[in-house]
Amino acid sequence: MSKLFVISGSSGVGKGTVIKEFLKKHPDYKLSVSCTTRPKREGEIHGVNYFFLSPEEFKESVSNNDFLEWAEFSGNHYGTKKDFVQNCLNNNEDLILEIDTKGALNVKNLMPEAVLIFILPPSLEELEARLRGRHTESEEAIQKRLASIKTEIENSKKFDYKVINDTVENAVKQLENIMEKSA
Ligand code: 5GP
């Protein structure tokens with residue numbers, strides 16, 4: 001039976017890096033490609049990092065009921081297409097969704113068998129420093145992201161597992177343990 005893992009965490013917590021390292025060691029897991037209306041960052045590729053949609057295209061997908069879940073995050077829309085998830089599970093692939101906490105809890109409601117994992121920073125100060133260190137966002141965008149952190153940490157209480165990202169290596173190990181337990 002293929003498994004669905006949903007990984008969330010505060011912005012800048014390094015979940016992207018942890019997941020990338022995990023996938024390098026475990027290429028048999030597949031990472032879901034979400035849709036978003038946010039502008040492409042340098043180096044990002046349509047269909048690899050995200051499907052970049054216009055607000056109109058996104059709205060159309062919402063009204064066509066194409067999304068398993070979708071959410072607004074920092075002024076942009078993000079969503080997971082139902083057919084993407086279903087195709088992977090039908091192909092017996094273990095799938096990882098990297099989505100925000102609201103989206104994760106919505107997935108859990110629809111698919112209770114999904115395993116929810118929350119990645120936490122070692123401290124809030126560390127998190128703010130990482131967010132600023134990325135130099136990819138404006139001050140306004142950073143403030144918005146920081147504001148959403150409190151809610152996210154509150155929501156994390158409803159997750160199946162928590163992983164503390166003190167070092168990438170440690171976090172990957174914790175993920176491996178969770179995946180093994182859930183197999
Ligand atoms: P970023 O803009 O940094 O790539 O992502 C911002 C937030 O959107 C992250 O917390 C990420 O996990 C979340 N996100 C990415 N794809 C989806 C999705 O399909 N659904 C939801 N609900 N959140 C998503």
Side-chain angles (χ1 to χ4, degrees), residues 4-20 22-23 30-55 57-62 64-89 95-111 114-121 124 127-128 130-156 158-159 161-163 165 171 175:
L4 180 62
F5 296 94
V6 185
I7 302 185
S8 297
S10 317
S11 299
V13 74
K15 55 185 185 300
T17 311
V18 173
I19 295 172
K20 212 159 91 189
F22 176 85
L23 290 172
K30 186 157 178 179
L31 183 62
S32 168
V33 182
S34 296
C35 300
T36 185
T37 60
R38 85 144 160 74
K40 219 188 253 183
R41 291 186 192 134
E42 210 183 312
E44 285 185 330
I45 300 167
H46 180 83
V48 175
N49 306 91
Y50 281 105
F51 295 105
F52 294 95
L53 303 184
S54 67
E57 287 169 325
F58 197 96
K59 249 187 222 157
E60 199 180 321
S61 291
V62 171
N64 289 340
N65 205 16
D66 289 343
F67 290 119
L68 173 66
E69 62 74 38
W70 65 272
E72 195 187 330
F73 184 92
S74 283
N76 294 303
H77 288 92
Y78 295 82
T80 312
K81 286 265 175 92
K82 278 180 195 166
D83 59 359
F84 192 99
V85 172
Q86 215 44 62
N87 287 342
C88 292
L89 298 180
L95 182 63
I96 298 176
L97 304 187
E98 195 233 292
I99 64 178
D100 84 323
T101 49
K102 277 176 287 177
L105 295 172
N106 286 339
V107 171
K108 187 77 175 179
N109 276 337
L110 294 166
M111 304 172 84
V115 178
L116 264 52
I117 304 165
F118 198 90
I119 303 195
L120 288 161
L124 274 182
L127 179 65
E128 185 166 351
R130 282 189 204 173
L131 210 49
R132 291 186 188 284
R134 286 206 302 211
H135 300 299
T136 52
E137 259 108 340
S138 66
E139 179 59 29
E140 194 196 340
I142 289 177
Q143 286 305 330
K144 269 194 187 165
R145 281 175 187 260
L146 288 175
S148 64
I149 287 169
K150 264 197 179 163
T151 323
E152 291 200 339
I153 291 181
E154 193 53 35
N155 283 338
S156 77
K158 300 172 193 147
F159 278 55
Y161 296 100
K162 286 186 195 123
V163 164
N165 187 18
L175 268 189

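When a ligand or atom number is given, it counts from 1 through the structure's own listing order. Numbers here simply count residues along the sequence, with the first being 1. Owing to the predicted nature of the structure, the values given are computational and were not obtained by experimental measurement.
When only interatomic distances are considered, the shortest N/O to N/O separation between Gly9 and ligand 1 does not fall below 3.5 Å.
Taking a cut-off of under 4.0 Å to the non-hydrogen atoms of Gly103, the atoms of ligand 1 that pass are 22 (N). Within ligand 1, the atoms closer than 4.0 Å to a non-hydrogen atom of Ser34 are 16 (N), 17 (C), 18 (C), 19 (O), numbered from 1 in the order shown. Applying the 4.0 Å criterion to heavy atoms of Ala71 picks out, from ligand 1, the atoms 22 (N).
When Arg38, Lys15, Glu98 are ranked by how near their heavy atoms come to atom 10 (O) of ligand 1, first place goes to Lys15. Residue nearest to atom 2 (O) of ligand 1, selected from Tyr78, Phe84, Phe73: Tyr78 (by heavy-atom distance).
For the side-chain contact (heavy atoms from CB on, under 4.5 Å) with Leu31, the lone residue among Leu97, Leu23, Ile7 that qualifies is Leu23.
Evaluation of the side chain to side chain donor-acceptor pair (under 3.5 Å) rule for Arg41 yields Glu137 as partners, not counting sequence neighbours. Residues satisfying the side chain to side chain contact (heavy atoms under 4.5 Å, CB included) criterion with Lys82, sequence neighbours excluded, are Asn65, Leu68.
Below 30°, between 30° and 60°, or above 60°: for His77 and Phe58 the angle between ring planes is between 30° and 60°, a tilted geometry. Using the six-membered ring where Trp is involved, Phe51 and His46 have ring planes that are perpendicular, over 60° apart on the 30 and 60° scheme.
Under a 4.0 angstrom heavy-atom cut-off, Arg41 registers as being in contact with ligand 1. Every heavy atom of Phe67 sits 4.0 Å or more from the atoms of ligand 1.
At a threshold of 4.5 Å between non-hydrogen side-chain atoms, the residues Leu105 and Lys158 count as touching.
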